[in-house]
Amino acid sequence: MQKGSNPRVKQTMLKGKKVFATESLAPGKSVYGESLISLNGKEYREWVPFRSKIAAGLMNGLRMPELSMDSVVLYLGAASGTTVSHISDIVSNGLIFAVEVSPHVTYSLISLAEARGNIVPVLEDANKPEEYFNTVIASDFVFQDIAQKNQVEIFLKNCRLFLKQSGFAMISIKARSIDISKKPRRIFEEVRKELEQRFREVKPCTLEPFQKDHCLFLCLGRE
Amino acid sequence: MALVYRHITGEYYIGSQEDEKVSEFLPSSFDISLFERLSKKVFKEKDKIARKGIEIAKEKISGKDYTEDLIIQASGLIDESDKTINYLARRLRRLALTIYPELCLRVDDNKKIVEMLLSKEKEEINSLLGIKKSMGWKCQKKDCEFLKEAAGKIKELFTVREIASEFISEKEKRIMPNFSAIAGPSISAKLLSHAGSLRSLAIMPASTIQLLGAEKALFRHITRGSKCPKYGILFQHPAVQGAEKKARGKVARIIADKLSIAARIDFFSKEDKSAELIKEMERRIKDAKRK
């Protein structure tokens, strides 16, 4: 999100530190214990970089293309909905398909969806897009945060089916879950090569110091 | 269950009853621009999609069988109550030491101490231990009452633990009869909780089952080249405990072998073949010990 593109994301100061914040869609409620900031009579929720990888990327200077308020987002690996809640703030008039397979975290995801009205919880395995092919529609933004060995394969499979031609995608790679014995930098290089075969442009962004051995890849221009 | 049914010709409708059977998944002929056009139409009814999506998700999440999860959580409950009992019993011993020094010194079993403090008076306890003149403080009866209260709470934890372990063995007999017959109820619950589900246990190779619970040592072996672990949770198995040190790795391997077969039988057919498997396992363990 470039500065000033979507009015629902703002960079602001909190306790003397620069933070990103999103305008709350369900004011008065903190989703995962983040602070609430009020700016010009509107309530913003702090986007905590230690909890959300996209926020960590933004803090590290990642420049994402604009997400408009009626964008469609496919989020793979939604878990209990920490990052999903912020994306739901940003695309206030759009839809988010939040795919998550593990049942015990989806309880909070479903109650989040009920409170907000633009999240569709999809309780399926992201590894098998054919299972939810009839649920998800073409998306402007595909984000994946699954710590799996074959996460790149899952990502490409989903992008091929659900990413719009004008859309962009992002994947968060956890080096430690791909191969524990290799150096993270080598893994990131391999992943980058793999992604470049399918996308015109791939921009990496490491998430130190917020997340250890993680790297975000912003992928632009699908084939 | 489908939320948005779409056909390759471009027809679509939202969340109808007939959608159980449809899945027009045709990767080879998949056309993204057609799909985009279609999605644009569907997007107009986004409120309906969101509402219906939540409904479907709720139905799906409440319709699952959570027996495996209950077993895993009950096994965790046992572990945690054991820890808590240890903490509290240690404190109780210290509390009771001045009043019942002989009892605290002679009886090692926590459960026994708790039960004696709870059910018997001071004189009774001393006569049971065969003590004529106790070193204990001659306190007021009120102080003994306080000890009784504390002992009662610890006893409740013992009861919780027992109920949980009964629950585990009962449920395991139903969903994993072979596996629990070979490994025993508490070990199989622990293995299950490490694997996550019976399905993943069934598709695991035997060598992985052998090392479940030894992940830290295994990764240390892979990354830094230290010695490879021989067993994880299986170390607690009576057959491994009973073997001499040299044969323990072999015995653990044999048990893991049979466990992996058992997990597959349990997951795919649930037929009880545990007698055969145990017989075969015992024969091989005997061989392994002889060598």
Side-chain angles (χ1 to χ4, degrees), chain A residues 70-72 74 78 88 91 93-124 128-140 157 159-167 176 179-183 222-223, chain B residues 1-7 12-15 19-27 30 32-66 69 72-73 196-197 215 218-225:
Chain A
D70 55 359
S71 296
V72 180
L74 171 60
S88 138
V91 295
N93 245 334
L95 263 186
I96 302 154
F97 292 92
V99 180
E100 175 59 51
V101 68
S102 159
H104 70 268
V105 291
T106 34
Y107 293 113
S108 42
L109 181 65
I110 293 175
S111 45
L112 183 78
E114 276 187 317
R116 281 167 180 263
N118 61 355
I119 301 172
V120 185
V122 182
L123 311 189
E124 299 284 355
K128 296 174 190 147
E130 59 271 24
E131 300 279 324
Y132 53 85
F133 183 63
N134 277 336
T135 305
V136 178
I137 61 176
S139 314
D140 299 286
K157 234 187 323 190
C159 283
R160 192 172 91 83
L161 288 174
F162 302 116
L163 186 60
K164 280 186 191 170
Q165 278 150 320
S166 59
R176 291 288 176 229
D179 193 332
I180 183 108
S181 63
K182 277 187 196 158
K183 285 247 163 63
R222 68 167 280 172
E223 277 176 7
Chain B
M1 221 182 314
L3 174 58
V4 184
Y5 166 48
R6 51 174 168 268
H7 193 269
Y12 79 99
Y13 55 87
I14 294 174
D19 53 17
E20 292 283 350
K21 57 183 184 294
V22 293
S23 177
E24 298 290 329
F25 186 67
L26 300 162
F30 179 69
I32 184 75
S33 44
L34 176 66
F35 180 36
E36 269 184 44
R37 249 177 292 141
L38 186 54
S39 298
K40 216 172 183 178
K41 268 203 265 174
V42 179
F43 182 70
K44 284 188 194 125
E45 301 191 60
K46 65 185 178 59
D47 292 335
K48 204 173 162 190
I49 294 180
R51 237 181 304 123
K52 195 83 191 172
I54 291 171
E55 224 173 87
I56 291 175
K58 273 188 177 170
E59 207 172 292
K60 192 165 183 203
I61 205 167
S62 60
K64 273 188 186 160
D65 180 8
Y66 291 102
D69 188 64
I72 292 169
Q73 297 311 325
S197 69
E215 284 84 0
L218 176 67
F219 288 126
R220 202 166 50 216
H221 165 68
I222 297 173
T223 49
R224 269 176 270 160

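All chains are named by letter (A, B, ...) in the order of the sequence lines, taking the proteins before the strands, and each is independently numbered beginning at 1.
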| task | Evaluate the criterion side-chain contact (heavy atoms from CB on, under 4.5 Å) for residue pair B/K46 and A/N93; output intermediate values, then yes/no. | result | CA-CA 9 Å; B/K46 65 185 178 59; A/N93 245 334; 3.8 Å; yes
| Quick check: are there more than 12 heavy atoms from other residues, nucleotides or ligands sitting under 6.0 Å from NZ of A/K183? | no
| request: Could you tell me which non-hydrogen atom of B/E36 sits nearest to which non-hydrogen atom of A/K164, and how far apart they are? | output: OE2-CA, 3.2 Å
| said: I need the A/I180 CD1 to B/I222 CD1 distance, nearest 0.5 Å. | reply: 8.0 Å
| Distance, nearest 0.5 Å, that separates CD1 of B/I54 from CG of A/L112 | 9.5 Å
| query | Of the backbone (N, CA, C, O) and the side chain (C-beta and beyond), which part of A/L123 lies under 4.5 Å from a heavy atom of chain B, both, or neither? | reply | both
| request: Heavy atoms only, distances under 4.5 angstrom: which of A/I96, A/L109, A/D70 has the most pairs with chain B? Name it, please. | output: A/D70
| said: Taking side chain to side chain contact (heavy atoms under 4.5 Å, CB included) as the criterion, tell me which of A/I137, A/V136, A/L95 meets it with B/S39. | reply: A/I137
| request: Rounded to the nearest 0.5 Å, what's the gap from CD1 on B/I56 to OH on A/Y132? Could you check? | output: 15.5 Å
| field | B/K58 and A/E114: CA distance, side-chain angles, deciding distance, side-chain contact (heavy atoms from CB on, under 4.5 Å) verdict | value | CA-CA 11 Å; B/K58 273 188 177 170; A/E114 276 187 317; 2.3 Å; yes
| said: So which residue, B/D69, B/I61, B/D47, ends up with the most heavy-atom pairs under 4.5 Å with chain A? | reply: B/I61
| message | So which residue, A/S139, A/G117, A/A113, A/P121, ends up with the most heavy-atom pairs under 4.5 Å with chain B? | response | A/P121
| query | Out of curiosity, B/E55 CD to A/I110 CD1, how far, rounded to the nearest 0.5 Å? | reply | 12.0 Å
| note | The interface call for B/F43 against chain A, heavy-atom contacts under 4.5 Å, is both
